[in-house]
**Student:** 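There's a structure below that I have some questions on.
Atoms within each ligand, like the ligands themselves, are counted from 1 in listed order. Here the structure is a predicted model, which means the values were calculated and not measured.
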Amino acid sequence: MSRIAYVNGRYVPHRRAAVHIEDRGYQFADGVYEVIAVREGCLVDRGPHLKRLKRSLSELGIPRPMTDAALCHVLAEVVRRNRVADGMVYLQVTRGIAPRDHAWPKGMRPAVVATAKSLRGPSAEMREQGVKVVSLPDLRWKRCDIKSVSLLPNVLAKQTARAAGAFEALFLDEAGRVTEGSSTNAWIVTKKGELLTREADEAILNGVTRQAVIALARKAGLKFVERSFTLREAQSAAEAFLTSTTAFVVPVVALDGKRIGDGRPGPFTRRLGEEYRDYVARFARKGAS
Ligand code: PDD
């Protein structure tokens, strides 16, 4: 079956889907996006994703392209037309098309693209074995809270990590504190049993998975503290893990070539991983498409 994409009001074959060469997303990375997980055809945490999309758009002064109801319809239709049971939806909104100029003209119409694809989801191996990460300086701008398509430092960091045989790069700010991963939020469990993740300031993206895992940790009565932690603290942590829409909860077992804890996924990580998987499964049962 051929894949279908939504492009500015039309459902078109994926291989022929195209945007204008003067789309400001293409020329200036002037746009935002969301990645939403699909489980049994249902969108996971659709509400928080749409809320964050609206916030990203408003921070950049891009008008909302359509109502939430219309957007939900498009997303559900892209999932349906691509027959995705388990996978993800990618939604991108750019400022639109205009002759190239840094400043934009009045009255621009945002451009919208949505695609969906099947994914097997995070592997059991990753969950059982954990992954390696490397630390790198955070070279990004000062508004990482906006989910902008401007991802050059992120893609370069991910590539560096992969070339080093690692799953992810952890960004470090100028004070040596971990901000987040190149496409994930970062967490540690201290030897005192405190669960830490950086506060959702402008240095990180407030992950939807992060928010769900915070709620699960609170419900489970874990000692959760929302604060930044340094590279040193991460190196001497009992456990570390990453969260994201596509990776869920991934245990980190090595940082810059050194073992974290005993080098195996720890009990907090396993527990939150299981709770998050159950949480995702509940969306499918509720049929929240
Ligand atoms: N990445 N931090 C960054 C920089 C991210 O790009 C992402 C998501 C996250 C986690 O956010 P969430 O839990 O809402 O997925 C944190 C997506 C999945 C991506 O770019 O593919």
**Student:** For ligand 1, does Thr184 get within less than 4.0 Å through its side chain, its backbone, both, or neither, judged by non-hydrogen atoms?
**Tutor:**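 Near ligand 1, Thr184 shows its backbone, while the atoms from C-beta on stay back.
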
**Student:** Purely on distance, is any nitrogen or oxygen of Thr246 under 3.5 Å from one on ligand 1?
**Tutor:**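 In this structure, Thr246 places no N or O atom under 3.5 Å from an N or O of ligand 1.
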
**Student:** Among protein heavy atoms, which lies nearest atom 11 (O) of ligand 1, and at what distance?
**Tutor:**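 I find the closest protein heavy atom is Gly207 CA, 3.4 Å.
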
**Student:** At what distance is the nearest protein heavy atom to atom 3 (C) of ligand 1, and which residue and atom is it?
**Tutor:**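 For this ligand atom, the closest protein heavy atom is Glu180 OE1, 3.6 Å.
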
**Student:** What residue among Val253, Asp256, Leu255 forms side-chain contact (heavy atoms from CB on, under 4.5 Å) with Val133?
**Tutor:**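 Considering Val253, Asp256, Leu255, a side-chain contact (heavy atoms from CB on, under 4.5 Å) with Val133 is found only for Leu255.
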
**Student:** At what distance, to the nearest 0.5 angstrom, does CG of Leu75 lie from NE2 of His49?
**Tutor:**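 Output value for this atom pair is 10.5 Å.
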
**Student:** At what distance is the nearest protein heavy atom to atom 7 (C) of ligand 1, and which residue and atom is it?
**Tutor:**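 Protein heavy atom with the smallest distance to atom 7 (C) of ligand 1: Ser183 O, 3.3 Å.
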
**Student:** Between Lys191 and Glu233 (salt bridge meaning N to carboxylate O under 4.0 Å), is one present in this structure?
**Tutor:**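 Result for this pair is no, no salt bridge flagged.
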
**Student:** Tell me, which protein residue and heavy-atom name are nearest atom 10 (C) of ligand 1, and how many Å apart are they?
**Tutor:**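 Ranking protein heavy atoms by distance from atom 10 (C) of ligand 1, first comes Asn185 OD1, 3.7 Å.
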
**Student:** More than 12 heavy atoms of other residues, nucleotides or ligands under 6.0 Å from NZ of Lys132: is that the case?
**Tutor:**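 Atom NZ in Lys132 is not crowded, with 12 or fewer foreign heavy atoms closer than 6.0 Å.
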
**Student:** Going by the closest heavy atom to atom 19 (C) of ligand 1, which one wins out of Phe248, Phe171, Tyr90, Tyr33?
**Tutor:**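 Heavy atom nearest to atom 19 (C) of ligand 1 belongs to Tyr33.
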
**Student:** Suppose we measure from atom 17 (C) of ligand 1 to each protein heavy atom; which comes out shortest, and what is that distance?
**Tutor:**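 Atom 17 (C) of ligand 1 sits closest to the protein heavy atom Lys147 NZ, 3.6 Å.
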
**Student:** Once you restrict to heavy atoms under 4.0 Å, what part of Thr245 touches ligand 1? Side chain, backbone, both or neither.
**Tutor:**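 Both backbone and side chain.
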
**Student:** Name the closest protein heavy atom to atom 4 (C) of ligand 1, giving the residue it belongs to and the distance to 0.1 Å.
**Tutor:**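 Here the nearest protein heavy atom works out to Ser182 O, 3.5 Å.
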
**Student:** May I ask you to decide if the ring planes of Phe224 and Trp187 are parallel, tilted or perpendicular, using 30° and 60° as cut-offs?
**Tutor:**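 If you compare the ring of Phe224 with that of Trp187, the planes turn out tilted.
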
**Student:** Taking atom CG of Asn185 and atom OG of Ser244, what is their separation to the nearest 0.5 Å?
**Tutor:**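 Reported to 0.5 Å precision, the distance equals 8.5 Å.
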
**Student:** Evaluate Val208 for polar contact with ligand 1, using N/O atom pairs at a separation under 3.5 Å.
**Tutor:**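 Between Val208 and ligand 1 (N or O atoms, distance only) the closest approach is under 3.5 Å.
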
**Student:** Is any side-chain heavy atom of Arg83 closer than 4.5 Å to a side-chain heavy atom of Ser118?
**Tutor:**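 No, their side chains stay 4.5 Å or more apart.
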
**Student:** Please state which protein non-hydrogen atom is closest to atom 13 (O) of ligand 1 and give its distance, to 0.1 Å?
**Tutor:**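 It is Thr209 OG1, 2.6 Å.
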
**Student:** With heavy atoms of Arg52 as the reference, note each atom of ligand 1 found under 4.0 Å away.
**Tutor:**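 Heavy-atom distances to Arg52 below 4.0 Å select 11 (O), 14 (O).
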
**Student:** Is Glu239 salt-bridged to Arg264, going by a charged N under 4.0 Å from an acidic O?
**Tutor:**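 Here Glu239 does not pair with Arg264 in a salt bridge, since their nearest N and O are not under 4.0 Å apart.
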
**Student:** Taking the basic N atoms (NZ, or NE/NH1/NH2) and the acidic carboxylate oxygens, is any pair closer than 4.0 Å for Arg52 and Asp145?
**Tutor:**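 No, this pair does not count.
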
**Student:** May I ask you to identify the nearest protein heavy atom to atom 21 (O) of ligand 1, giving residue, atom name and distance to one decimal place in Å?
**Tutor:**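 Here the closest protein heavy atom is Val35 CG2, 3.7 Å.
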
